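Below is one structure; the comments refer to it alone.
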Amino acid sequence: MAYYLDLFSPETYDRFSRSDRSVSGFRERHRNAASRVKPGDILVCYMTRVSRWFGLLQVDSSSFEDPTALFAADNDPFLVRFHVTPLVWLLPEQALPIHDEALWRRLSMTRQYSGTSPHWTGFFRTSLNRLSDEDGQLLESLLRQQAIQPKQFPLTDRDRKALAPSVVRRPNGPVAVVVPDEDDSTVAEAPAHEARESTKVQALLAQIGAAMGFRIWLPAGDRSAVLKEWKGEQKALVGELPLNYDEVTLGTIERIDVLWLKGRSIVRAFEVEHTTAIYSGLLRMADLLSLQPNMDIKLHIVAPDARRAKVLEEIRRPVFSLLERRPLHESCTFLSYDSIRTIAALPHLAHTTDSILEEYVEEAD
C-alpha cells in the first residue's frame, strides 16, 4: 500500500462533498502519475488556501478516463479518475492545519522549515505526489483519530473567505471568483537585486525553450540584460515576431517577457512577475485573451515561491474570471522560480518536450 497526495481547492472540496464520493478525479496532465496508483492505495486529501488535511480515500480501481461531467457543469477538467471509498472526510473546522505545531514538526516535508518559509509548499504543487510511508502512516493515524474524536480548529476570517467564494452565473455555468485583500504596499520599481533575479529567470526560460527546439522572443527593452545572463547558444532568438495579428494584438504580445515559438505559432508565453503588485503580468495575459479569445496557447505567470498564494488568488479576480471565452485561470498557470531552476538543471533537455512543464505548473482551482 502506498500513500498519495490528493489536492482539493475549497470549491472542489464542496463539489466532492455534495457527490456520492465514489469517484475522485484529476486533470489530464496527471495521467502518468495516476497509472502508478494501485487499488488499495490511499489518497490523503489536503485543502489548498486553508492549508488543512481533511480526508482519506481508499483507491478501489485502476485509473480510467471518463469525460462525463461530475465536478463541473461543462467541460469537466477532472477526467482521469478512480473509484474510491471515503475512509475519513472531515468538516473544514475539524481538518488538521498543517501549521499546527504537533503536525508540522513530525512531517518530513515541513519539519526542516520555519512556519513562515514558502519552500515547504513545493511538495503541494501537484496532486499524486507520493508521500513517504512514515508521513502517510502518521497522517492516516491522525485523521482516523480525528474522525472518531474530533477536535475543533477554529477557522480564521481568511479561511472563511476562502471557503465561501463569490459565484457569478454565466451562460456556460457558474464561475467562482475571488476579490483578494489589497496589498498594503506597492512598488513602482523593483529593488535592483529582485530585478536582477527576474532577469536571470527570463534567461533560464529562454535557455530551456531554445534547448527544446523552440525559437525565443524577448521584449526589446529586456533583450540586452537577458542576453548577458543567457548561457550558451543564442541563435534561437528572433528579431521580430512571425505573426499575422492586428497592431494592437502584436503590441500586447511583444511586451510578454518570454515567448516560445514553433513555426508561426506561439506555444507558450511567460510573464516573470517580481513586483509586490502582481497585476501587470496577469493583465497582459488577460488583454491577450480578450483580443484573441480563440488563441490556444499555454500561459504562465512565473514568480518567487513566496508569491505563489498571491498569484493564485489574484488570477481569480472577477476581471480575470469573467473573460468572454473562459476564465483566465483555465488558460494561465503558476510556475515558481525554483521550478524553472529545477527544469533548467534537468539532463538531456534537447531530448525533452515542453510537456515536462506540466509536472511543475500549479492551477488556481
Side-chain angles (χ1 to χ4, degrees), residues 2-39 41-50 52-90 92 95 123-131 162-163 165 167-168 170 172-178 296 298-300 312 315-316 321 325-335 355 357-365:
Y3 297 90
Y4 293 90
L5 178 67
D6 192 352
L7 294 176
F8 286 75
S9 67
E11 293 80 22
T12 54
Y13 168 87
D14 179 65
R15 293 175 208 152
F16 190 81
S17 295
R18 289 187 284 106
S19 75
D20 65 7
R21 306 179 195 172
S22 65
V23 176
S24 187
F26 300 86
R27 293 179 182 273
E28 188 174 4
R29 69 183 180 89
H30 294 109
R31 182 186 291 117
N32 289 339
S35 68
R36 296 191 286 269
V37 180
K38 307 300 181 187
D41 290 342
I42 301 293
L43 304 179
V44 186
C45 304
Y46 178 87
M47 196 186 311
T48 62
R49 306 213 297 273
V50 297
R52 295 186 176 211
W53 301 98
F54 66 88
L56 299 169
L57 301 175
Q58 178 180 284
V59 177
D60 295 332
S61 71
S62 298
S63 63
F64 62 94
E65 295 189 30
D66 182 0
T68 305
L70 290 180
F71 308 108
D74 191 23
N75 296 322
D76 191 336
F78 305 106
L79 53 82
V80 177
R81 297 172 179 174
F82 297 94
H83 291 297
V84 296
T85 297
L87 304 177
V88 174
W89 195 260
L90 300 173
F123 181 80
F124 299 86
R125 185 176 58 235
T126 185
S127 283
L128 298 182
N129 280 335
R130 183 167 177 172
L131 284 82
L163 289 164
V167 175
V168 176
R170 299 294 301 273
N172 57 346
V175 176
V177 301
V178 174
D296 187 22
K298 295 184 183 295
L299 310 174
H300 307 285
L312 295 177
I315 201 171
R316 299 199 63 154
S321 298
R325 184 184 178 198
R326 61 187 182 275
L328 181 61
H329 72 261
E330 293 183 4
S331 304
C332 186
T333 56
F334 172 79
L335 278 165
S355 63
L357 271 67
E358 304 309 320
E359 298 183 17
Y360 295 87
V361 298
E362 298 176 60
E363 297 99 349
D365 285 329

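What you are looking at is a predicted structure, and each value in this text was computed from that prediction instead of being measured. Any value given below was found using the heavy atoms of this structure, including those in side chains, with hydrogens, waters and symmetry copies removed.
In this structure, R52 contributes its side chain and P92 its backbone to a donor-acceptor pair below 3.5 Å. A donor-acceptor pair under 3.5 Å is absent between the side-chain atoms of S24 and the main chain of F82, judged by distance alone. Of the possible polar contacts, one joining the D41 side chain to the K38 backbone as a donor-acceptor pair under 3.5 Å is found. Checking side-chain atoms of R21 against main-chain N and O of S17 turns up a donor-acceptor pair under 3.5 Å.
The heavy-atom pair separating E65 from V80 by the smallest distance is CG-CG2, 4.2 Å. The two residues P10 and A162 come nearest to each other via the heavy atoms CB-O, 3.3 Å. For the residue pair V84 and F16, the shortest heavy atom distance occurs at CG2-CZ, 4.3 Å. Closest of all the heavy-atom pairs between C45 and F8 is SG-CE1, 3.7 Å. Listed here is the closest heavy atom pair of L163 and M47: CD2-SD, 3.6 Å. Heavy-atom minimum distance, E362 versus L312: O-CD2, 3.9 Å.
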CA sep, side-chain torsions, deciding dist, call: L87, I42, side-chain contact (heavy atoms from CB on, under 4.5 Å): CA-CA 9 Å; L87 304 177; I42 301 293; 3.6 Å; yes
Let me see the working for L128 and D6 under side-chain contact (heavy atoms from CB on, under 4.5 Å), right down to the final yes or no. CA-CA 6 Å; L128 298 182; D6 192 352; 5.8 Å; no
Output, in order, the C-alpha distance, side-chain angles, deciding distance and verdict of side-chain contact (heavy atoms from CB on, under 4.5 Å) for E11 and R49. CA-CA 11 Å; E11 293 80 22; R49 306 213 297 273; 2.7 Å; yes
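In this structure, the side chain to side chain contact (heavy atoms under 4.5 Å, CB included) partners of L70, at least two apart in sequence or on a different chain, are V23, D76, R81. Residues satisfying the salt bridge (charged side-chain N to carboxylate O under 4.0 Å, His left out) test with E28, not counting sequence neighbours, are R31.
Note that NZ of K298 is 8.0 Å distant from OG1 of T333, once rounded to the nearest 0.5 Å. Atom CG of L357 is separated from atom CG of L335 by 5.5 Å, given to the nearest 0.5 angstrom. Atoms CG and CG, on L43 and L56 in that order, are 9.0 Å from each other to the nearest 0.5 Å. Note that CG of L5 and OH of Y46 are 9.0 Å apart. Values are rounded to the nearest 0.5 Å. Once rounded to the nearest 0.5 Å, the distance linking OG of S127 with CG of L7 reads 4.0 Å. To the nearest 0.5 angstrom, D66 atom CG is 8.5 Å from L79 atom CG.
Salt-bridge check for E363 with R125: failed, with every basic side-chain N at 4.0 Å or more from each acidic carboxylate O.
Of the options H30, E358, R27, E359, a side chain to side chain donor-acceptor pair (under 3.5 Å) to T126 is made by H30 and by none of the others.
Ring geometry for W89 against Y13 counts as parallel: the plane angle stays under 30°, on a 0 to 90° scale with 60° as the upper cut.
In this structure, F124 has its ring center closer than 6.0 angstrom to the ring center of W53.
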